[in-house]
Amino acid sequence: MMLCPELLAGLKAEARKAALARRASCDPALGTALTAQVLRNAPPPPGAVVAGFWPMGAEIDIRPLLLALHEKGHRIALPVTPKRGQPLHFRQWQPGDTLARGPLGTSQPGRDAAALTPDWLLVPLLAFDRAGHRLGYGGGYYDRTLSSLPGAYALGVAYAAQEVDEVPVGVDDAPLAAIATERGVIFCGAAKV
């Protein structure tokens with residue numbers, strides 16, 4: 001059922017508020033357990049350029065996963081937030097690199113870091129459902145980015161507590177292939193890794 005844009009925006013705003021409250025009680029250190037789940041159940045293929053993100057606030061800490069993937073030989077990219085309405089750009093990151101302050105409280109590689117195009121993305125979210133729908137922060141950056149990378153594999157990363165029965169979805173919302181949490185990996189009908 002297609003919802004009018006105003007109703008959809010209202011539903012998403014309510015869902016974001018509830019998701020932020022739920023996530024606030026989670027422990028970012030569960031990123032270590034998430035790392036084990038991804039490496040065991042949904043690792044990127046050899047040679048994949050992996051896009052991650054630098055966690056903010058109460059987001060699950062994926063830095064242990066980024067380090068593990070780097071040690072396995074993957075090139076790691078972090079997003080650079082562009083002007084509103086544009087897809088994300090990605091630059092290479094390696095352990096020890098200094099990050100610059102980006103818009104919206106993000107940390108991103110500096111201008112001198114090499115540009116990379118990821119083919120395997122770790123996607124942050126506020127809430128998810130088992131159909132692979134995600135609720136983001138509302139800027140649409142990842143939806144635009146995933147649409148601009150049609151062959152890329154998108155793995156949402158979150159706490160298990162961020163799962164909901166149904167995420168409000170609009171026509172521009174890009175689905176995820178799977179979601180990894182500290183408890184396991186949920187495959188959502190897209191091709192498995």
Side-chain angles (χ1 to χ4, degrees), residues 30-56 59-82 86-97 99 102 106-109 113-126 128-137 139-160 162-163 167 172-193:
L30 290 172
T32 302
L34 174 119
T35 297
Q37 293 292 342
V38 172
L39 295 178
R40 182 173 43 252
N41 299 312
V49 175
V50 177
F53 59 91
W54 208 253
M56 299 185 317
E59 287 180 327
I60 195 161
D61 189 354
I62 68 162
R63 291 175 291 189
L65 178 56
L66 297 178
L67 291 171
L69 293 173
H70 181 267
E71 289 172 8
K72 290 184 174 295
H74 293 281
R75 287 189 297 162
I76 306 296
L78 296 179
V80 175
T81 307
Q86 300 295 313
L88 297 167
H89 305 283
F90 296 90
R91 292 190 189 135
Q92 186 166 350
W93 171 83
Q94 298 180 67
D97 285 356
L99 296 174
T106 60
S107 297
Q108 57 192 32
L116 291 177
T117 301
D119 42 27
W120 207 87
L121 293 91
L122 298 165
V123 181
L125 52 86
L126 289 173
F128 68 91
D129 64 27
R130 291 196 172 240
H133 301 128
R134 69 179 276 279
L135 181 68
Y137 291 95
Y141 289 105
Y142 274 93
D143 294 314
R144 283 188 295 281
T145 301
L146 294 175
S147 293
S148 73
L149 298 169
Y153 188 86
L155 177 68
V157 288
Y159 303 102
Q162 291 176 266
E163 183 176 356
V167 170
D172 294 326
D173 294 333
L176 301 168
I179 296 103
T181 75
E182 75 278 10
R183 293 188 188 154
V185 177
I186 301 162
F187 293 97
C188 305
K192 290 188 180 182
V193 188

Hey, does [Y] have a side-chain heavy atom less than 4.5 Å from the side chain of [X]?
X    : Y    : value
L122 : V50  : yes
R130 : E163 : yes
I62  : F53  : yes
P44  : Y153 : no
D143 : R134 : yes
Q108 : W93  : no
T181 : Q37  : no
V38  : L69  : no

[X] and [Y]: which non-hydrogen atoms are nearest, and at how many Å?
X    : Y    : result
I60  : P55  : O-CB, 3.7 Å
L176 : G156 : CD1-CA, 3.8 Å
T35  : A68  : CG2-CB, 4.2 Å
A178 : V185 : CB-CG1, 4.1 Å
L34  : A158 : CD1-O, 3.9 Å
A152 : L121 : CB-CD1, 3.5 Å

>> Strictly distance-based, threshold 3.5 Å: is any side-chain N or O of R144 a donor or acceptor partner for the main-chain N or O of G139?
In response: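 Yes, R144 side chain to G139 backbone: donor-acceptor pair under 3.5 Å.
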> Counting N and O atoms only, with roles assigned by atom type, does the side chain of D129 sit under 3.5 Å from a partner on the main chain of V167, one being a donor and the other an acceptor?
Replying inline: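 Confirmed, D129 side chain pairs with V167 backbone.
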>> To the closest 0.5 Å, what do you measure between CG (L65) and CG (L39)?
In response: 6.0 Å
>> With side-chain hydrogen bond (donor to acceptor under 3.5 Å, both in side chains) as the rule and sequence neighbours excluded, what pairs involving residues 70-80 come up?
In response: none
>> Please enumerate all residues that pass side chain to side chain contact (heavy atoms under 4.5 Å, CB included) together with P82, with sequence neighbours excluded.
In response: Q86, L88, H89, Y141
>> Checking L126 against Y137 for the side chain to side chain contact (heavy atoms under 4.5 Å, CB included) test, could you report, in this order, the C-alpha distance in whole Å, the side-chain angles of both residues, the deciding distance, and whether it holds?
In response: CA-CA 7 Å; L126 289 173; Y137 291 95; 3.6 Å; yes
> Do Y142 and L125 pass the side chain to side chain contact (heavy atoms under 4.5 Å, CB included) test, and can you show the C-alpha distance, the side-chain angles, and the key distance before you say yes or no?
Replying inline: CA-CA 10 Å; Y142 274 93; L125 52 86; over 6 Å; no
> Given the rule in the side chain to side chain contact (heavy atoms under 4.5 Å, CB included) test, do W54 and R63 qualify, once you have shown the distances and angles that lead to the verdict?
Replying inline: CA-CA 7 Å; W54 208 253; R63 291 175 291 189; 3.3 Å; yes
